[in-house]
Undergrad: 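Shown below is the structure under consideration.
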2 protein chains.
Amino acid sequence: MQRWTIGVDFGGTNVKVGLVADSGRVVRSQVLSSKVFGRPGPFVEGIGRAVTALTQAGGIRISQLRGIGVGAPGAIDCVHGIVLATTNVPGWHRVPLARLLERRLGRPCVVDNDANLATLGEWRFGAGRGSRVLVGLTLGTGVGGGLVCNGRLFRGVSGSAGEIGHMVIHPGGRRCGCGARGCLEAEVGTAAILSMGRRAIRRGAEPLKTLARSAHGNLTPAIIAQAARAGDTAARQIWVQIGQWLGLALASLVNVLNPDRIVIGGGIANAWPLFSPALNHTLDAHAMGIPKRAVRVLRARLGDHAGVLGAAAIVRQELG
Amino acid sequence: MQRWTIGVDFGGTNVKVGLVADSGRVVRSQVLSSKVFGRPGPFVEGIGRAVTALTQAGGIRISQLRGIGVGAPGAIDCVHGIVLATTNVPGWHRVPLARLLERRLGRPCVVDNDANLATLGEWRFGAGRGSRVLVGLTLGTGVGGGLVCNGRLFRGVSGSAGEIGHMVIHPGGRRCGCGARGCLEAEVGTAAILSMGRRAIRRGAEPLKTLARSAHGNLTPAIIAQAARAGDTAARQIWVQIGQWLGLALASLVNVLNPDRIVIGGGIANAWPLFSPALNHTLDAHAMGIPKRAVRVLRARLGDHAGVLGAAAIVRQELG
């Protein structure tokens with residue numbers, strides 16, 4: 001019997017709600033604004049209405065849903081489905097989200113960290129398919145990570161495992177949002193890329209300066225990537241630096257975890273051709289022979305759907 | 001029915017062979033010189049004789065042994081019991097050690113990396129008892145590591161997982177035996193400690209200089225620890241530095257793996273009171289709140305017996 005799952009990807013800008021078939025197809029989806037629906041009360045109500053609308057439009061009953069999976073940015077008690085604290089979204093502190101959604105919809109609900117779920121989604125439906133030990137990395141404002149071993153999320157003893165963005169790769173380096181210095185997130189997150197970009201502009205980097213000006217000074221990683229593609233030396237160097245930091249973090253993970261696959265997604269992964277040569281070179285120089293030969297580093301495949309599909313995948317893992 | 005296991009700890013100086021009761025008691029043991037027995041042929045023959053002697057002296061038959069476990073320093077194909085390459089011991093290249101010992105003794109044999117087995121030993125019999133996700137670290141000439149999840153060694157896809165000594169913690173730092181730069185082993189292994197010690201002596205550190213001279217210039221980590229305890233500022237600073245590097249590596253592991261216990265053993269761990277304050281301070285500054293609250297960092301308890309007991313433990317894990 002064909003069954004469906006609801007996957008919810010709770011991001012800083014949007015809340016994506018998808019009706020997912022067991023094949024991994026997102027049958028239909030809705031996007032809610034995090035500004036409007038980002039607080040606990042409106043969130044539960046918004047998801048409730050979206051689920052009703054999506055199932056009705058799909059011609060199925062809510063009782064035909066396996067359940068609802070939610071990926072949220074921050075610290076999650078995934079055993080009890082409690083959002084302990086969120087990053088980049090205000091108003092969440094010890095919210096029993098699973099229970100609230102279950103009460104609203106009458107179907108079981110699973111809540112987990114968004115980067116964990118993106119990795120699980122890539123394992124089930126994307127570039128991680130068939131891997132036994134998978135490391136997932138999501139590059140963006142934050143740098144998230146996840147570990148999937150033998151098809152199951154590795155969560156550690158309190159559900160917080162996979163925080164690859166907070167590996168210390170540069171002792172004494174940039175200050176991180178977590179309070180420490182030199183975390184991977186502090187060195188390759190969007191803020192670090194923009195900081196390097198602004199510095200390059202101050203030094204007169206071209207065409208980066210011109211491109212940034214034509215964007216009304218609203219510098220983005222995409223503009224820095226565009227400048228690099230257009231031959232801007234300073235902009236190219238920023239992506240080489242990003243690749244080197246990523247390569248160092250991945251080398252440590254390869255030596256410690258001996259994975260067969262590393263999958264890198266998130267918006268910043270769009271600059272893949274600009275940073276991956278330096279990443280591979282640094283990884284090659286720092287990873288040991290045996291685990292190095294066992295691993296492939298791939299770009300994530302699920303794109304915008306990774307969060308929704310991962311949230312659907314965790315429902316299948318946890319609730320069958 | 002009481003049963004026994006043979007645990008073999010193959011080190012750079014000695015080969016320890018122990019007859020281990022299921023309680024974890026080393027009933028009796030023999031120590032062979034690695035210089036004499038360190039090559040494959042003599043090794044198998046030496047273990048064979050030691051097992052005969054130990055079982056006879058214990059009043060048991062070889063057929064009453066569960067099997068033989070061997071911890072070897074280097075890269076091991078633990079599925080097939082093949083020593084692929086050793087570190088600090090010459091003459092081993094793709095040696096099917098398990099098969100050779102099984103043929104010699106008629107009992108099943110398991111071979112694994114020594115640091116993996118030391119960690120498993122601590123989990124079953126020592127400071128790691130009862131932990132769900134255990135990180136083990138062995139400090140010495142090399143810096144070995146092991147991961148035990150839910151009572152089983154985490155090996156990765158080609159059996160090489162747990163190489164914590166080759167996490168990159170200091171980009172561009174000291175050259176490591178593995179060829180990379182800035183590995184934990186390169187920064188906190190015996191060679192790094194001695195290099196820092198010699199530098200301190202050249203700068204006139206006292207009483208380190210005097211202590212080293214009375215040891216006929218044969219500087220050891222123990223002498224540097226002795227000098228630190230006697231108030232030598234430069235010597236103390238060396239151990240603070242060691243603690244800081246360890247704290248950085250452990251912070252990354254805490255954030256990525258969310259373990260409940262970290263156990264540190266090996267000869268260098270004798271300087272525990274000298275490096276652990278800096279370790280704890282650095283770990284505290286770099287690990288995230290949730291996983292930090294879940295973890296305890298403890299000194300290993302099994303001392304010299306860790307290798308033998310770990311080798312016995314893997315036999316019970318693999319062969320029952």
Side-chain angles (χ1 to χ4, degrees), chain A residues 75-77 84-85 131-135 145 147 149 154-171 173 176 178-184 244-245 247-261 282 284-295, chain B residues 75-77 84-85 131-135 145 147 149 154-171 173 176 178-184 244-245 247-261 282 284-295:
Chain A
I76 315 291
D77 171 349
L84 300 171
S131 70
R132 284 200 293 138
V133 178
L134 172 65
V135 172
L147 308 173
C149 302
F154 181 86
R155 301 177 189 275
V157 298
S158 34
S160 81
E163 288 287 1
I164 296 168
H166 300 280
M167 293 179 73
V168 186
I169 52 153
H170 186 197
C176 184
C178 75
R181 278 191 183 278
C183 295
L184 181 64
Q244 287 170 342
W245 289 132
L248 285 177
L250 295 186
S252 290
L253 290 173
V254 163
N255 290 339
V256 171
L257 297 175
N258 185 201
D260 49 357
R261 204 98 39 97
T282 307
D284 189 63
H286 291 85
M288 303 179 85
I290 290 175
K292 188 161 67 184
R293 285 190 289 277
V295 73
Chain B
I76 316 290
D77 171 349
L84 299 171
S131 70
R132 285 200 294 138
V133 177
L134 173 65
V135 172
L147 308 174
C149 302
F154 181 85
R155 302 177 187 279
V157 298
S158 35
S160 81
E163 288 287 1
I164 297 168
H166 299 281
M167 293 180 72
V168 186
I169 51 152
H170 187 195
C176 184
C178 76
R181 276 190 185 278
C183 295
L184 180 64
Q244 288 170 342
W245 291 132
L248 285 178
L250 296 187
S252 291
L253 290 173
V254 163
N255 290 339
V256 171
L257 297 176
N258 185 203
D260 49 356
R261 205 96 43 95
T282 307
D284 189 62
H286 291 85
M288 302 178 85
I290 290 176
K292 188 161 68 185
R293 285 190 289 276
V295 73

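Predicted, not measured: the structure shown is a model, and the values here were computed from it.
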Undergrad: What part of Leu84(B) gets within 4.5 angstrom of chain A, counting heavy atoms only: side chain, backbone, both, or neither?
TA: side chain

Undergrad: On a heavy-atom basis, which atom in Gly156(B) and which in Val133(A) lie closest, and how many Å separate them?
TA: CA-CG2, 4.4 Å

Undergrad: Once rounded to the nearest 0.5 Å, what's the spacing between atom CZ of Arg132(A) and atom OG of Ser158(B)?
TA: 8.5 Å

Undergrad: Taking only residues two or more places apart in sequence, or in another chain, which ones meet Val295(A) in a side chain to side chain contact (heavy atoms under 4.5 Å, CB included)?
TA: Val254(A), Pro259(A), Ile262(A)

Undergrad: Over all heavy atoms of both residues, which pair between Arg181(B) and His286(A) is shortest? Give the atoms and the distance, please.
TA: O-CD2, 3.6 Å

Undergrad: Contact part of Arg293(B) toward chain A, heavy-atom cut-off under 4.5 Å: side chain, backbone, both or neither?
TA: neither

Undergrad: Would the distance check show the side chain of Asn255(B) and the main-chain N or O of His166(A) forming a donor-acceptor pair, the cut-off being under 3.5 Å?
TA: yes

Undergrad: If I measure from the heavy atoms of chain B, does Leu147(A) come under 4.5 Å with its side chain, its backbone, both, or neither?
TA: side chain

Undergrad: Does the side chain of Phe154(A) come within less than 4.5 Å of Asn258(B)'s, by heavy atoms?
TA: no

Undergrad: Which atoms of Cys183(A) are under 4.5 Å from chain B, going by heavy atoms: the side chain, the backbone, both sets, or neither?
TA: neither

Undergrad: Where does Ile169(B) contact chain A at under 4.5 Å (heavy atoms): side chain, backbone, both or neither?
TA: backbone

Undergrad: Most heavy-atom pairs under 4.5 angstrom with chain A, which of Ala180(B), Ser131(B), Ser160(B)?
TA: Ser160(B)

Undergrad: Top residue by heavy-atom pair count (under 4.5 Å) with chain B, among Ala294(A), Gly145(A), Pro171(A), Cys178(A)?
TA: Pro171(A)

